[in-house]
Asker: 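Please read through the structure below; I'll follow up with questions.
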Amino acid sequence: MGGSLEKKDKLHSEKLPRHVAIIMDGNGRWAQRKGLPRTMGHKKGMESIRKVVTTSSIYGIKGLTLYAFSTENWRRPREEVDFLMALPQVYLKRELPELMRNNVKLCFSGRLHKLPDKTQNAIGEATRKTENNKGLFLNIAINYGGRAEITDAVQKIALLVQEKKLDPGNINEDIVAAHMYTAELGDPDLLIRTGGEARLSNFLLWQLAYAELYFTPVLWPDFGKEEYDRALLAYSSRERRFGQLSRELGD
Ligand code: FPP
């Protein structure tokens with residue numbers, strides 16, 4: 001059980017990541033292996049979301065970013081896209097009371113204006129309802145692409161320059177970071193990707209510069225507390241140097 005792993009290997013809170021990002025991969029394969037339609041994998045994947053959200057809240061992790069729909073996912077069969085687009089409403093209808101009880105603050109990042117009206121309304125309402133919550137900051141990336149995000153940031157910064165509010169010579173990393181979709185959340189410390197692939201797939205390209213990467217073959221619908229503990233434990237045992245030598249960090 002996850003609990004025993006926690007006790008045995010000591011998941012110390014001071015070594016927990018502040019912000020975790022997850023590429024939830026493998027829903028389709030999970031369903032196909034069971035002879036089910038791919039969409040059933042996405043449905044089951046929502047249960048894994050519930051488990052990582054609850055566990056993150058209990059552990060006091062500050063931020064959790066989940067990759068729910070990429071700018072490339074529009075190329076999937078129409079039926080699957082429609083199903084995925086309806087999931088935020090289904091998820092929020094089912095989970096919002098529990099998210100409120102757990103003091104979770106929700107936000108959504110991506111090119112949200114391109115989403116169907118119903119989806120926009122549901123996520124807008126959930127964002128407003130939870131905006132004063134002070135617990136876990138749950139960021140759901142939807143119609144999200146890392147390059148699209150950087151492009152949008154460049155456009156916003158170019159506008160400031162055009163309006164003479166910013167000198168091009170004063171553009172620095174802090175200014176670029178401040179124009180990312182959810183600047184207030186900060187960079188993830190740990191990226192988890194399920195489903196056996198070892199790539200970033202256009203996720204948080206700017207923010208993952210110094211993140212620890214954790215890849216597991218476990219398919220997302222099979223990812224629960226025990227698997228999450230394993231990833232957090234692996235993170236806690238790594239030494240993060242941010243390009244420096246250990247000695248410079250005072251080890
Ligand atoms: C990748 O699996 C998963 C997705 C494209 C969608 C993930 C979405 C959810 C788990 C639910 C979203 C929930 C909310 C709250 C909006 P895949 O289909 O690429 O799997 P495969 O690699 O096995 O084909």
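Note: hydrogens, waters and symmetry copies are ignored here, and every other heavy atom, side chains too, is used. Both counts, for ligands and for their atoms, begin at 1 and track the order of listing.
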Asker: Spell out, as yes or no, whether a donor-acceptor pair under 3.5 Å connects the side chain of Ser236 to the backbone of Leu233.
Answerer: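 At least one qualifying donor-acceptor pair exists.
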Asker: Just distances here: any N/O of Trp220 and N/O of ligand 1 closer than 3.5 Å?
Answerer: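 Min N/O separation from ligand 1 is not below 3.5 Å for Trp220.
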Asker: What I want to find out is whether Asp82 reaches Arg78 closely enough, with some N-O distance under 4.0 Å, to be called a salt bridge.
Answerer: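 Salt bridge between Asp82 and Arg78, a charged N being under 4.0 Å from a carboxylate O: yes.
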Asker: Kindly indicate, with the supporting measurements, whether the criterion side-chain hydrogen bond (donor to acceptor under 3.5 Å, both in side chains) is fulfilled by Arg230 and Thr216.
Answerer: CA-CA 10 Å; Arg230 219 183 290 284; Thr216 168; over 6 Å; no
Asker: Where is the tightest heavy-atom contact between Thr182 and Glu149, given as atom of each residue plus distance?
Answerer: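 So the two residues come closest at N-OE2, 4.4 Å.
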Asker: Between CG of Leu219 and CZ of Arg33, what distance do you get to the nearest 0.5 Å?
Answerer: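 If we round to the nearest 0.5 Å, Leu219:CG and Arg33:CZ are 5.0 Å apart.
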Asker: Give the numbers and elements of all ligand 1 atoms closer than 4.0 Å to a heavy atom of Asn73.
Answerer: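 Ligand 1 atoms under the 4.0 Å threshold to Asn73: 5 (C).
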Asker: Any N or O of Gly28 that comes nearer than 3.5 Å to an N or O of ligand 1?
Answerer: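 N/O-N/O distance below 3.5 Å exists for this pair.
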Asker: Look at atom 6 (C) of ligand 1 and say which protein heavy atom is nearest, naming residue and atom and giving the distance to 0.1 Å.
Answerer: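 Protein heavy atom at minimum distance: Ala68 O, 3.3 Å.
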Asker: Looking only at non-hydrogen atoms, which of Ile23, Thr119, Asn27 approaches atom 7 (C) of ligand 1 most closely?
Answerer: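 It is Asn27 that holds the nearest heavy atom.
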Asker: In plain terms, say whether Glu131 and Arg128 are close enough for a salt bridge, that is, a side-chain N and a carboxylate O under 4.0 Å apart.
Answerer: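 No salt bridge links Glu131 with Arg128.
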Asker: Please check if any side-chain donor atom of Asp229 sits under 3.5 Å from a side-chain acceptor atom of Tyr59, or the reverse.
Answerer: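 A donor-acceptor contact under 3.5 Å links the two side chains.
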Asker: Would one find an N or O of Arg76, backbone or side chain, under 3.5 Å from an N or O of ligand 1?
Answerer: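 Yes, since at least one N or O of Arg76 sits under 3.5 Å from an N or O of ligand 1.
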Asker: Check step by step if side-chain hydrogen bond (donor to acceptor under 3.5 Å, both in side chains) holds for Asn143 and Trp74.
Answerer: CA-CA 8 Å; Asn143 194 24; Trp74 294 106; 2.8 Å; yes
Asker: If we only count N/O pairs under 3.5 Å, is Arg29 in contact with ligand 1?
Answerer: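 Yes - when backbone and side-chain N and O of Arg29 are compared with those of ligand 1, one distance drops under 3.5 Å.
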Asker: May I ask you to identify the nearest protein heavy atom to atom 4 (C) of ligand 1, giving residue, atom name and distance to one decimal place in Å?
Answerer: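 Protein heavy atom at minimum distance: His42 CE1, 3.9 Å.
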Asker: With sequence neighbours left out, which residue pairs that include part of residues 48-64 fulfil the salt bridge (Lys or Arg N to Asp or Glu O under 4.0 Å) condition?
Answerer: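 Listed by first then second residue: Arg50-Glu95.
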Asker: Could you identify the single nearest non-hydrogen protein atom to atom 3 (C) of ligand 1 and state the distance to 0.1 Å?
Answerer: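 Sorting protein heavy atoms by distance from atom 3 (C) of ligand 1 puts Met24 O, 3.1 Å first.
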Asker: Identify, by atom number and element, the atoms of ligand 1 in contact range of Leu87, meaning under 4.0 Å from any of its heavy atoms.
Answerer: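 Close to Leu87: 11 (C), 12 (C).
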Asker: Which ligand 1 atoms does Arg38 reach within 4.0 Å, using its non-hydrogen atoms?
Answerer: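 Counting atoms of ligand 1 from 1, those under 4.0 Å from Arg38 are 17 (P), 18 (O), 24 (O).
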Asker: Closest non-hydrogen protein atom to atom 14 (C) of ligand 1, residue and atom name please, with distance?
Answerer: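 It is Ile49 CD1, 4.2 Å.
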Asker: Can you tell me if Gly26 has a non-hydrogen atom under 4.0 Å from ligand 1?
Answerer: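 Per 4.0 Å heavy-atom rule, Gly26 contacts ligand 1.
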